[in-house]
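Letters A, B, ... mirror the listed sequences (proteins, then strands); counts begin at 1.
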Protein chains: 2
Amino acid sequence: MDAIKKTFGEVIRQHREQQNLPLRKVAAQLDIDTSTLAKFEKNLRHPNREHITKLAEMFALDEQDLLVLYLSDRVAYDLVGETNSEQVLRVAEEKIKYIRSKNTVQGVLGF
Amino acid sequence: MDAIKKTFGEVIRQHREQQNLPLRKVAAQLDIDTSTLAKFEKNLRHPNREHITKLAEMFALDEQDLLVLYLSDRVAYDLVGETNSEQVLRVAEEKIKYIRSKNTVQGVLGF
DNA sequence: ATTTTTATTGACAATTTTTGTCCAAAATAT
DNA sequence: ATATTTTGGACAAAAATTGTCAATAAAAAT
């Protein structure tokens, strides 16, 4: 009920500190600069899928949960400045369902 | 109940055709190339806020509704490929509320 | 208290993405 | 048939994003 309110970066940092790992070590595993990881933790740079996967592994987190955390950050950030954000989310949900119901088959979508 | 399932581009085109306006005329008002407008209608290019405002004016649409239509397209497009899109939307909604409750004042957000 | 390690941050070049236009071809209307 | 409209690829320009470096600060260790 509170975890939901943490950002991707906050969660990553929390876990890293819990294990007393310096940026250096985690960054090494991700094959990135410590600076880049520091920015992930401050949400100043965006990790890619591979980064997310590796971070989930390292901290024994459910990858899907971590992905949801990350994606919801982005959506929230995009919409927090919009007055109608709730409506946007509701309409978006309907649209996603609708699009999926049409493209029952593969992944590529005309949209 | 069905309008929700239309994209921004589809709606714009619908209204333009209803009024028998060629791309040329609408594009002129927006001060863009006909080709650009054609792409807006096919969701191959993104209009900016000013474009949306002008389009709402031209077709006597509620600007906020049109904006919701446009933003929800983007969110839907971003998430339609994700298995956990519904969860993402729910978490995003909570986050938006949370962020707003913290930044009760102005617009700039640390995030 | 000094040294060593870690974290922070801005600046930067490189890459990627997005943008709008031009142009030629296709479609439609007159 | 001619004129008008629409389409879509290619393109350069602009904008956004990326990851690193390097200098600095902060923290921890000795």
**Q** First and last nucleotide of DNA chain C touching chain B, 5' to 3', heavy-atom cut-off 4.0 Å?
**A**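 Boundary nucleotides touching chain B, in 5' to 3' order, are C/dT19 to C/dC22.
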
**Q** Does B/Lys42 place a side-chain N or O at less than 4.0 Å from the phosphate oxygens OP1/OP2 of D/dG8?
**A** yes

**Q** Using whole Å, report how far CG of A/Leu44 lies from P of D/dA16.
**A**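 So the two atoms are 17 Å apart, to the nearest Å.
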
**Q** Looking at A/Asp31, I want to see if its CG is surrounded by more than 12 non-hydrogen atoms of other residues, nucleotides or ligands under 6.0 Å.
**A**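 No, because the 6.0 Å sphere around CG of A/Asp31 holds 12 heavy atoms or fewer from other groups.
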
**Q** To the nearest Å, give me how far apart NE2 (B/His46) and P (D/dA16) are.
**A** 13 Å

**Q** B/Ile32 CD1 to D/dT7 C1': how many Å, rounded?
**A**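 Nearest whole value for this atom pair: 15 Å.
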
**Q** With respect to the side chain of A/Asp33, which nucleotide from D/dT6, D/dT20, D/dG19 is positioned closest?
**A**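 When the side chain of A/Asp33 is considered, D/dT20 is the closest of D/dT6, D/dT20, D/dG19.
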
**Q** Nearest heavy-atom pair of B/Asn43 and B/Asp73: which atoms, and what distance?
**A**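 Heavy-atom minimum between the residues: OD1-OD2, 3.9 Å.
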
**Q** Strictly below 4.0 Å, heavy-atom distances to any atom of DNA chain D: list the hits from residues 20-31 of chain A, or just say none.
**A**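 By residue number: none to list.
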
**Q** Does B/Ser85 form a side-chain hydrogen bond (donor to acceptor under 3.5 Å, both in side chains) with A/Arg100? I'd like the steps, not just the answer.
**A** CA-CA 12 Å; B/Ser85 61; A/Arg100 285 191 182 137; 3.0 Å; yes

**Q** Please give, in whole Å, the distance from D/dT20 P to A/Leu37 CG?
**A**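 Nearest whole value for this atom pair: 11 Å.
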
**Q** Classify the ring geometry of B/Phe8 against B/Tyr70: parallel below 30°, tilted from 30° to 60°, perpendicular beyond 60°.
**A**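 Plane angle over 60°, so perpendicular.
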
**Q** Roughly, in whole Å, what's the span from CD in B/Glu41 to P in D/dG8?
**A**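 Result: 12 Å.
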
**Q** Which nucleotide in the list D/dT20, D/dC11, D/dT6 gets nearest to the side chain of A/Arg45?
**A**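 Closest nucleotide to the A/Arg45 side chain: D/dT20.
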
**Q** Do the side chains of A/Phe59 and A/Val11 get nearer than 4.5 Å, heavy atoms only?
**A** no

**Q** Per the salt bridge (Lys or Arg N to Asp or Glu O under 4.0 Å) rule, what does the pair list look like for residues 44-59 of chain A, sequence neighbours excluded?
**A**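 Qualifying pairs: A/Arg49-B/Glu82, A/Glu50-A/Lys54.
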
**Q** Could you state the atom-to-atom distance from CZ of B/Arg13 to C1' of D/dT6 in whole Å?
**A** 8 Å

**Q** Below 4.5 Å, heavy atoms only, C-beta onward: do A/Gln14 and A/Lys6 meet side chain to side chain?
**A** yes

**Q** Can you confirm whether B/Glu41 sits close enough to B/Leu23 that some side-chain heavy atom of one is under 4.5 Å from a side-chain heavy atom of the other?
**A**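 Result yes, sub-4.5 Å side-chain heavy-atom pair found.
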
**Q** Give a yes/no answer on whether the side chain of A/Thr36 brings an N or O atom under 4.0 Å of OP1 or OP2 in D/dT20.
**A** yes

**Q** Are A/Glu94 and A/Lys97 close enough for a salt bridge, meaning some N to O gap below 4.0 Å?
**A** yes

**Q** To the nearest Å, give me how far apart NZ (B/Lys39) and P (D/dG9) are.
**A** 8 Å

